[in-house]
There are 2 protein chains.
Amino acid sequence: MRQGAVTLRDVARRARVSVSTAARALGGYGYVSPTTRERVLRAARALDYHPNAVARSMIKGRTHTLGVVVSDSSNPFFAAVVRGVEDVALPYGYGILLCNADEDPRKEAMYVSMLRQKRVDGIIVSPSGESSGALASLLAAGIPVVQVDRRVRGLPTDAVVVDNRAGVFAAVEHLVRLGHRHIALIGGPGRLYTGRERTRAFRDSLRRFGLPLVESWLLEGTFKVDSGYRLAARLLESSPRPTAVFVANNLMTIGALLGFKQAGVRIPEEMAVVGFDDMDWAPILTPPLTAVAQPTFELGKTAATLLLARLQDPARPPRLVVLPPRLVVRESCGARLASVSPTGSTGEPVPSPRPSP
Amino acid sequence: MRQGAVTLRDVARRARVSVSTAARALGGYGYVSPTTRERVLRAARALDYHPNAVARSMIKGRTHTLGVVVSDSSNPFFAAVVRGVEDVALPYGYGILLCNADEDPRKEAMYVSMLRQKRVDGIIVSPSGESSGALASLLAAGIPVVQVDRRVRGLPTDAVVVDNRAGVFAAVEHLVRLGHRHIALIGGPGRLYTGRERTRAFRDSLRRFGLPLVESWLLEGTFKVDSGYRLAARLLESSPRPTAVFVANNLMTIGALLGFKQAGVRIPEEMAVVGFDDMDWAPILTPPLTAVAQPTFELGKTAATLLLARLQDPARPPRLVVLPPRLVVRESCGARLASVSPTGSTGEPVPSPRPSP
DNA sequence: GAAGAGTGTGAGAACGTTTGCAGATTACCA
DNA sequence: TGGTAATCTGCAAACGTTCTCACACTCTTC
């Protein structure tokens with residue numbers, strides 16, 4: 001077996017039948033006598049035959065492979081999304097080709113093109129920039145695309161996103177009910193859908209509660225750890241200083257908490273913190289972190305389900321699925337809890353009025 | 001473009017040349033006159049031609065795709081490993097087919113078989129069980145395999161692992177130098193290479209320091225969060241109670257810390273904790289977590305590099321690369337630090353003797 | 001001005017499957 | 001016994017590339 005793998009011809013030869021008969025025996029279609037089938041199966045087993053999916057794809061025009069393009073699969077958020085996709089797709093016999101675009105539209109276009117050349121049956125993408133030409137061209141060619149977590153304007157594809165507006169509103173409402181009136185934002189890049197949406201929702205929420213929009217408290221970061229760290233420091237220097245901050249993603253929350261810790265800022269007394277995206281380490285912080293939990297896993301599962309459905313029926317109109325987030329109240333905003341449960345979730349927020357400063 | 005993608009024939013027809021000439025023009029080999037080439041390129045662009053990699057693979061016998069099988073890509077550890085693989089492989093034009101085996105040898109075998117049918121050029125695997133028949137068969141067929149993080153006996157492949165022994169020893173030594181003599185273990189499953197290795201190294205380390213081996217302090221978990229949680233509780237019930245615990249992986253560390261927190265156990269005064277595998281949230285805990293940092297990203301990069309090297313030269317003898325871990329001293333064992341740095345690392349441990357109980 | 005090298009092009013055979021079709025054999029019925 | 005249907009099998013044509021070969025043409029060079 002030094003060279004090229006065992007082929008159907010080898011199996012056929014050993015079973016003393018034609019290639020087509022061997023194919024039928026292994027493929028389980030058409031007419032094959034029981035004895036012949038048995039002989040072929042035995043030969044295949046003896047030779048450790050593994051059918052060549054490349055050749056099959058060639059004929060069938062389908063590769064049974066899905067492309068997944070995210071910005072960074074080592075970010076726990078996307079890691080969970082990818083896992084969700086896999087859990088749905090693999091049982092159906094689909095493989096997953098994973099690509100990391102690093103928020104770089106050029107890289108994204110490159111990988112999309114690679115996936116296209118590899119003739120994946122469909123692509124799940126969390127687009128980096130705006131109006132990706134590569135995606136539009138994909139769509140024009142009739143290759144199914146599902147957008148996940150983010151959407152670019154004018155791409156009529158299936159998509160699944162989180163209700164960012166509701167999540168942000170719940171976070172702000174929580175702070176307000178605890179008496180906060182000076183709330184800052186460590187937000188994401190306006191270039192990205194989620195960054196934009198959450199910032200917009202934040203501004204709207206403040207307006208809704210009649211709170212002042214202090215521009216120096218509306219910070220734009222990069223969704224990375226160090227960015228949260230720097231912006232937390234910036235916030236501490238600002239005067240007047242806010243009493244609470246909403247951080248728009250998981251990594252920046254880590255950075256911000258590190259910044260506050262280093263500066264000796266007590267949470268929640270001197271600064272209340274709500275994060276977007278709950279993590280499994282959130283309950284072991286001191287105080288445990290209150291955060292907007294996203295259905296990350298579901299995001300991926302839904303994307304995969306939408307894609308598979310479209311593969312079944314290419315004509316079905318594009319659907320947009322909006323998944324609800326859930327505010328998980330712990331103690332980083334000053335809410336007092338009856339107890340800490342292993343899952344860290346406590347259902348309803350516990351309002352406990354707090355004098356405004 | 002409703003049906004089947006644009007093919008080389010279409011391009012050739014439009015450029016009024018033969019298929020072979022079009023192939024040469026686009027492939028950049030053989031003789032093609034500049035004017036013809038230009039004509040072909042223009043036609044390809046006009047038709048938005050994307051060469052069919054499936055057909056190419058058919059001929060070349062290589063798919064430019066690598067298989068990666070890990071137990072759970074949403075575990076930050078493997079997420080980083082996978083990312084490392086990608087960062088090396090994608091620039092060379094290799095795609096990554098990702099599979100999650102969930103520590104299930106049967107699933108693992110299934111996915112390996114799938115990857116084999118898809119004719120990946122090589123496979124990077126973090127094997128679940130012992131002596132996987134699927135892997136052996138792969139090897140027999142001459143398909144390159146690289147084992148990462150774990151190794152199964154009797155599989156002469158390239159491999160890259162962490163020096164678990166050194167990592168565990170450093171952790172125990174750190175505790176000992178801080179005066180601990182009653183050290184417990186929340187270990188991984190003996191079924192897994194890393195679980196076994198770390199437990200063995202732990203026992204050896206205790207012996208080396210002349211500490212007692214209390215069997216009820218040597219706990220075996222599943223490497224999952226809830227397992228760490230349960231075993232922490234168990235440890236608290238044991239009497240005498242240990243003054244320190246070494247937790248053998250990241251997820252169980254989360255569980256254990258949650259358990260201690262819930263029980264109101266003060267760290268490090270009542271229980272010192274060292275974890276295996278450092279995480280970016282370790283410095284924001286109270287107290288910041290001391291942990292053995294693994295070169296996760298490097299693990300993946302090295303695996304990919306080994307695999308690519310083998311694809312170049314299939315005859316080269318298998319290599320075993322052992323990467324060094326690094327103890328990152330923070331405060332969860334009682335070491336006092338000068339300051340908290342953003343990266344959380346402070347280089348050398350700070351010995352500060354502690355009376356034994 | 002013929003041999004040879006250097007260019008440019010196209011025909012056609014692979015690669016390993018799937019599958020339509022036709023031929024061969026058997027079974028069944030009139 | 002002949003005819004038809006049912007069952008089994010093999011031939012050969014796809015799929016979209018790559019790449020060897022053969023052929024044609026243009027220059028050199030003696």
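By convention in this document, chain letters (A, B, ...) are assigned in the order of the sequence lines, proteins followed by strands, and residues within each chain are numbered from 1.
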Query - Check: A/D121 side chain, A/T63 main-chain N or O, donor-acceptor pair, under 3.5 Å - result: yes
Ranking A/Y29 and A/M58 by the position along DNA chain C of their nearest nucleotide, the one closer to 5' is A/M58
Students should find that the nucleotides of DNA chain D closing off the region near chain B, any atom under 4.0 angstrom from a heavy atom, are D/dG16 to D/dC19
### Message
Looking at B/K224 and B/D72, is there a salt bridge between them, counting it only when a charged N and a carboxylate O are closer than 4.0 Å?
### Response
no
Q.
Does B/V54 reach a base, just sugar-phosphate, or nothing at all? Heavy atoms under 4.0 Å.
A. nothing
Query raised in the report: Looking across every strand, which nucleic acid part, if any, lies under 4.0 Å from A/V32 by heavy atom: base, sugar-phosphate, or nothing?
Result: sugar-phosphate
Evaluate the side-chain proximity of B/V81 to B/D149: yes if any heavy-atom separation is below 4.5 Å, no if none is. no
Under a 4.0 Å heavy-atom criterion, DNA chain C is touched by chain B from C/dT7 to C/dG16
The answer to which of B/R16 and A/G27 contacts DNA chain C further toward the 5' end, by nearest nucleotide, is B/R16
### Task
Give a yes or no on whether the backbone of A/G133 and the side-chain of A/S137 come within a donor-acceptor separation of less than 3.5 Å.
no
Classify the nucleic acid contact of A/S33 as base, sugar-phosphate or nothing, counting any heavy atom under 4.0 Å across all strands shown. sugar-phosphate
With side chains defined as the heavy atoms from C-beta onward, is the minimum distance between A/V6 and A/R14 less than 4.5 Å? no
Residue pairs passing the salt bridge (charged side-chain N to carboxylate O under 4.0 Å, His left out) test with at least one member in residues 85-104 of chain B, sequence neighbours excluded, are A/R83-B/D102, B/R83-B/D87, B/D102-B/K107, B/E103-B/R150
Query raised in the report: Do A/R119 and A/S57 touch side chain to side chain, with heavy atoms closer than 4.5 Å?
Result: no
task = Return yes if some donor-acceptor pair links the side-chain N/O of B/Q147 with the main-chain N/O of B/V152 below 3.5 Å, else return no.
result = yes
Q.
Using a 4.0 Å heavy-atom cut-off, does B/S57 contact any base of the nucleic acid, only the sugar-phosphate backbone, or nothing at all?
A. nothing
Exercise. How is B/T7 classified with respect to the nucleic acid when contacts are heavy atoms under 4.0 Å: base, sugar-phosphate, or nothing?
Worked result: sugar-phosphate
Judged by nearest nucleotide, the residue sitting upstream toward the 5' end of DNA chain D, A/T35 or B/P51, is A/T35
>> Does either side chain, that of A/T65 or that of B/K118, offer a donor lying less than 3.5 Å from an acceptor on the other one?
In response: yes
